[in-house]
Amino acid sequence: MSKFIVRGGNRLIGNVKVSGAKNSVLPIIAASLLGGEGESTIYDAPPLDDVFTITKVLESLGVSVSYDNEVLRVNAEQITTCEAPYEYVRKMRASFLVMGPLLTRMGHTRISLPGGCAIGSRPIDQHLKGFEALGAEINLGQGFIEAKSNGRLRGAKIYLDVASVGATENIMMAATMAEGTTVIENAAKEPEIVDLANYLNSMGAKVRGAGTGEIRIEGVEKMYGVKHTVIPDRVEAGTYMVAAAITGGDVYVEGAIADHLGPVISKMEEMGVKIEPDENGIRVIANHPLRSVDIKTLPYPGFPTDMQSQMMSLLLVSEGTSVVTETVFENRFMHVDEFQHMNAEIKVEGRSAIITGRAKLNGAKVCATDLRAGAALILLGLVANGTTEVSGVHHIDRGYVHIAEKLSALGADIWRITVDEPVLEPVLEHAVQPKVKDEVKRFSAQPTWV
Ligand SMILES: CC(=O)N[C@H]1[C@@H](OP(=O)(O)OP(=O)(O)OC[C@H]2O[C@@H](n3ccc(=O)[nH]c3=O)[C@H](O)[C@@H]2O)O[C@H](CO)[C@@H](O)[C@@H]1O
Ligand SMILES: C=C(OP(=O)(O)O)C(=O)O
């Protein structure tokens with residue numbers, strides 16, 4: 001088990017490079033299943049746990065995948081099975097994005113139901129609504145979903161009741177090889193959807209309107225492996241912008257695209273942070289005190305929910321009282337309890353949290369409840385008195401490449417430690433030979449017989 005140890009008090013100064021976007025590379029890897037001829041080469045693929053999880057899903061489908069130095073190669077000429085294993089879908093919801101590509105290319109797929117997670121139930125009804133509109137027959141089994149089409153999928157007009165990112169992506173991918181035209185109305189508009197559409201069009205698809213509320217897809221017969229470079233991760237970039245601001249630092253976030261961060265830039269400027277974008281990144285300069293502002297998360301181009309917890313950290317050190325309203329997920333204030341362990345004064349009322357600024361934050365042992373909450377706890381640790389220990393690191397590893405190294409290079413006092421799993425002393429009725437006991441100690445925290 002790993003933990004991050006953070007000692008507060010250092011201003012961050014210097015240059016940090018943003019990695020490829022998690023929320024772009026995951027659908028792009030899933031879309032690679034559509035390439036019936038040739039190999040896809042995906043550049044700037046970040047070495048994140050989620051990337052390795054979805055590549056395991058593709059390998060379990062019989063697809064050949066290799067990864068080296070942020071370059072991912074996928075050859076999906078052969079797909080030997082259409083069933084995505086539970087062990088991976090359980091680990092990462094985005095594995096569900098293989099459903100659309102498999103359905104349109106193979107005519108059949110069976111996927112374990114993706115679980116919810118700390119931030120909400122995260123249903124998939126809109127995904128299924130789109131697949132059914134395209135002509136698929138959907139059967140819900142014990143913990144899995146089966147979809148099959150009788151021949152090619154047929155283009156349809158689909159209105160999304162919720163501007164869901166994943167549903168927009170899954171349906172867009174399914175429609176690429178359907179017969180005729182598909183129109184997705186009330187589509188999500190995130191930059192990652194535009195990046196995915198660009199990749200699909202390079203593969204031979206005909207997708208128009210990505211980034212707007214209406215996406216039109218003309219079905220094609222075949223798609224091909226291609227080369228593609230993933231866009232920079234706007235949420236990682238925003239997280240380092242907050243790290244600069246919260247410590248009163250001066251940081252250049254290399255690779256950040258200002259157009260993808262409009263609401264985050266606007267809100268930080270309202271707080272008094274100096275933001276200087278240029279063609280290669282964004283410089284962030286801050287000195288306290290910062291003004292408090294209110295934040296309301298919305299689908300893109302509104303304020304991103306994935307930056308909510310990080311901004312809450314910044315609001316804690318600003319002057320005055322702020323209100324943060326989370327409209328996208330029903331349970332994305334799990335980090336508040338952990339913030340309160342650090343002496344933060346926050347009151348949650350329904351979908352809103354009232355934050356009292358000028359917090360006198362104290363280092364504490366805290367636990368990440370989701371990947372952005374984990375990042376936000378590290379941000380608080382940068383300014384808390386004393387030392388903060390952040391556990392639940394597996395959440396953070398899903399979405400941040402080398403976060404301790406990147407922050408440390410900016411002057412943060414942060415490092416990662418590995419803590420041995422507590423060895424569970426077996427409680428046995430009968431004495432066991434010391435050999436077995438030693439084996440248990442050596443290889444697992446869990447007695448081998450359970
Ligand atoms: C891998 C990836 O890209 N993850 C992002 C994606 O997640 P994801 O695609 O799962 O998020 P959605 O946009 O689908 O979810 C937004 C809201 O729609 C609801 N909903 C979604 C689907 C559905 O069929 N029915 C339904 O009701 C969800 O419960 C949630 O309340 O978009 C989220 C919202 O920007 C981001 O926080 C995630 O980082
Ligand atoms: C919620 C997030 O990701 P995911 O949808 O992969 O859980 C996120 O990136 O903040």
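Nothing here was measured: the structure is a model prediction, and the numbers come from that model. Just follow the structure's listing: the first ligand is 1, and inside any ligand the first atom is 1.
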_Short N-O contact, Arg234 and Asp259, less than 4.0 angstrom_ = no
*Which protein residues have a heavy atom closer than 4.0 Å to any atom of ligand 1, listed by chain and number?*
Asn23, Arg93, Arg122, Pro123, Ile124, Asp125, Gln126, His127, Val162, Ser164, Val165, Gly166, Glu190, Thr305, Asp306, Val328, Phe329, Arg332
*Does a salt bridge link Glu270 with Arg291, judged by any charged N lying under 4.0 Å from a carboxylate O?*
no
*For Met99, which of Val89, Leu33, Asn170, Ile124 qualifies under side chain to side chain contact (heavy atoms under 4.5 Å, CB included)?*
Asn170
*Can you list every pair that meets side chain to side chain donor-acceptor pair (under 3.5 Å) and has a residue in residues 131-146, with sequence neighbours left out?*
His108-Glu146, Glu137-Asn139
*asked:* With a sphere of 6.0 Å drawn around CD of Glu345, does it hold more than 12 non-hydrogen atoms of other residues, nucleotides or ligands?
replied: no
*Distance only, no hydrogens: is a donor on one side chain within 3.5 Å (strictly under) of an acceptor on the other, for Thr55 and Tyr67?*
no
*Are Lys56 and Glu87 ion-paired here, with the side-chain N under 4.0 Å from a carboxylate O?*
no
*May I ask you to check whether Asn198 and His228 show a side-chain donor-acceptor distance below 3.5 Å?*
no
Side chains of residues 38-51: which donor-acceptor partners sit under 3.5 Å, not counting sequence neighbours?
residue	atom	partner	partner atom	Å
Ser40	OG	Tyr199	OH	2.6
Ser40	OG	Val226	N	3.1
Ser40	OG	Val226	O	3.4
Thr41	OG1	Arg73	NH1	3.3
Asp50	OD1	Arg398	NE	3.0
Asp50	OD2	Arg398	NE	3.0
Asp50	OD2	Arg398	NH2	2.9

For ligand 2, run through the N/O pairs with the protein that fall under 3.5 Å and put one pair on each line.
residue	atom	partner	partner atom	Å
ligand 2	3 (O)	Lys22	NZ	2.9
ligand 2	5 (O)	Arg122	NH2	2.6
ligand 2	6 (O)	Lys22	NZ	2.9
ligand 2	6 (O)	Arg398	NH2	2.5
ligand 2	7 (O)	Arg122	NH1	2.9
ligand 2	7 (O)	Arg398	NH2	3.1
ligand 2	9 (O)	Lys22	NZ	2.9
ligand 2	9 (O)	Arg372	NE	3.4
ligand 2	9 (O)	Arg372	NH2	2.8
ligand 2	10 (O)	Asp306	OD1	3.1
ligand 2	10 (O)	Asp306	OD2	3.3
ligand 2	10 (O)	Arg332	NH2	2.9
ligand 2	10 (O)	Arg372	NE	2.9

